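As structure tokens, the structure follows; a few thoughts come after it.
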Amino acid sequence: MLLLFQAAMADSAKVAAKELVKEEIAKAEGLDKLSLITEQLVDFSIRAGERILIAVVVFIVGRFLISMLNKLVNRMLERRKLDVSVKTFVRSLVNILLTVLLIVSVIGALGVETTSFAALLASAGVAIGMALSGNLQNFAGGLIILLFKPYKVGDWIESQNVSGTVREIQIFHTILTTADNKVIYIPNGAMSSGVVINYSYQVNRRVEWIVGVDYGEDFGKVKAVVDGILAADSRILADPAPFVALNALDASSVNIVIRVWVKTGDYWNVYYDINKAIYETFNEKGINFPFPQLTVHQGS
């Protein structure tokens, strides 16, 4: 019996020893897995930190290079004495292209395959192009405007029910500044395919007034007074000669039409100055301006 008890105790001790060994091995394996995961996380963090740091450096250096290249392009455009419209369009286009290249470089520095990204960008570009077909039309419109030059920076134009001075022609929009200093962005697609009135295109412009006088006034006297007013203003061109004629016999007035030609830059100054001169001179010469009249005939 004693021998059997000792044998049983020995077997129990062996089993306990084996279990203890298994537990130690499991703990060791667990520690190995934990240390492996920790090591992998540290390696990933280091690699990710390196890529992020490189990407930040690429972005900073890229922005600096873009600024330098933009200045270089500006100097080149200034030396070539190109039209201001072409300059603004080229500057806008170059800046966008350089920014796109910088974005691709930053993505490459982060570890993304630029070849696959380029393919993805190309396929996305098709979808975006379809969605943004209006902007592509505006881009093409900008090229048409620069090629055929219906207007340029500094011109006073009217289009899309607005008017103003052309301040800038960008790749997608034409920027106008109105007379009351509002800034209006008009898509180039609409500008290239719609009606545009360019008031600055020609060197000379015709100014016209319609002046009403009383019935009974001597037209010869009125014409002589108007001719004297026009002759006294040196801004009015002699060729084509000023034109003064009896335009219409209106309900309450005899309307005189006056047409002269001036330099485009003098248009509004001449218009307002002659208005004032006609009013003052007609009063001095006793030429009456009409008031609305109604004649009532009473039956007997």
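Just so it is clear, the model here is predicted, and its values are computed rather than measured. Worth knowing before you read on, the calculation uses all heavy atoms, side chains too, and leaves out hydrogens, waters and symmetry mates.
Side-chain atoms of Asp250 do not come within 3.5 Å of backbone N or O of Asn255 as any donor-acceptor pair. A donor-acceptor contact shorter than 3.5 Å is absent between the side chain of Asp239 and the backbone of Ala241. A donor-acceptor pair under 3.5 Å links the side-chain atoms of Asp155 to the main chain of Lys152, judged by distance alone. Between the side chain of Asn188 and the backbone N or O of Ala140, no donor-acceptor pair lies under 3.5 Å. Side-chain N or O atoms of Thr177 include none that pairs as donor or acceptor with a backbone N or O of Asn181 at under 3.5 Å. A donor-acceptor pair is defined here as one N or O able to donate and one able to accept, closer than 3.5 Å; no such pair exists between the side chain of Lys71 and the backbone of Ile66.
When side chains are defined from C-beta on, Leu176 does not count as touching Val183, because their heavy atoms never get closer than 4.5 Å. The shortest side-chain heavy-atom distance between Val260 and Trp209 falls under the 4.5 Å cut-off. Considering only heavy atoms from C-beta on, Ile145 comes within 4.5 Å of Thr174 through its side chain. Taking 4.5 Å as the limit, some side-chain heavy atom of Ser163 sits within range of a side-chain heavy atom of Trp156. A 4.5 Å side-chain heavy-atom check between Arg259 and Val207 finds every atom pair outside the cut-off. Ile236 is listed as a side-chain neighbour of Ile274, based on a closest heavy-atom distance under 4.5 Å. Put simply, the side chain of Arg235 reaches to within 4.5 Å of the side chain of Asp233, judged on heavy atoms. Taking 4.5 Å as the limit, some side-chain heavy atom of Phe148 sits within range of a side-chain heavy atom of Ile144.
Ile157 and Leu147 end up in different hydrophobic clusters when Ile, Leu, Val, Met, Phe, Trp and Tyr side chains are linked at under 4.5 Å. Transitive grouping of hydrophobic side chains (ILVMFWY, heavy atoms separated by less than 4.5 Å) brings Phe289 and Leu246 into a common cluster. There is no path of hydrophobic side-chain contacts, each under 4.5 Å, that joins Tyr199 to Val262. Taking hydrophobic clusters as Ile, Leu, Val, Met, Phe, Trp and Tyr residues chained together by side-chain heavy-atom distances below 4.5 Å, Tyr215 shares a cluster with Ile287. Hydrophobic clustering, with ILVMFWY side chains joined whenever heavy atoms are under 4.5 angstrom apart, keeps Ile210 apart from Ile256.
Separating the CG atom in Asn138 from the CD atom in Gln170 is a distance of 11.5 Å, to the nearest 0.5 Å. Here Ile171 contributes atom CD1 and Asn95 contributes atom CG; the two are 9.5 Å apart, rounded to the nearest 0.5 Å. With rounding to the nearest 0.5 Å, the separation of CG in Leu69 from CG in Leu97 is 12.0 Å. Here the CD1 atom belonging to Ile229 is positioned 10.5 Å from the CG atom belonging to Asn275, to the nearest 0.5 angstrom. Atom OG of Ser67 and atom CG of Leu98 lie 11.0 Å apart (nearest 0.5 Å).
Taking the six-membered ring where tryptophan is involved, the planes of Trp268 and Tyr271 are perpendicular, since the angle between them exceeds 60° and thus also 30°.
Between Leu102 and Arg63, the shortest heavy-atom distance links the atoms CD2-CD, 3.5 Å. Summarising the geometry of Leu237 relative to Pro242, their closest heavy-atom pair is O-CD, 4.0 Å, with the distance given to 0.1 Å. Between Arg167 and Val153, the shortest heavy-atom distance links the atoms O-CG1, 3.6 Å. Nearest heavy atoms, Met191 versus Ser159: SD-OG, 3.5 Å. Here the shortest heavy-atom pairing between Thr264 and Ser200 reads CG2-CA, 4.1 Å. The minimum heavy-atom distance linking Gly212 with Pro290 is given by the pair O-CD, 3.0 Å.
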Determine whether Tyr201 and Tyr151 satisfy the following criterion, ring pair (Phe, Tyr, Trp, His ring centres under 6.0 Å), listing intermediate values before the conclusion. CA-CA 7 Å; Tyr201 191 83; Tyr151 56 85; over 10 Å; no
Step by step, would you call Lys263 with Val203 a side chain to side chain contact (heavy atoms under 4.5 Å, CB included)? CA-CA 6 Å; Lys263 296 294 184 183; Val203 177; 3.9 Å; yes
Decide yes or no on side chain to side chain contact (heavy atoms under 4.5 Å, CB included) for Ile278 and Ile258, but give the supporting numbers first. CA-CA 11 Å; Ile278 288 175; Ile258 307 168; 3.7 Å; yes
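Here Asp266 does not pair with Arg205 in a salt bridge; the nearest charged N to carboxylate O distance is not below 4.0 Å.
Shown here is Phe59, whose CZ atom has no more than 12 heavy atoms of other residues, nucleotides or ligands within 6.0 Å. Annotation: Asp180, atom CG; neighbour count of heavy atoms from other residues, nucleotides and ligands within 6.0 Å is above 12.
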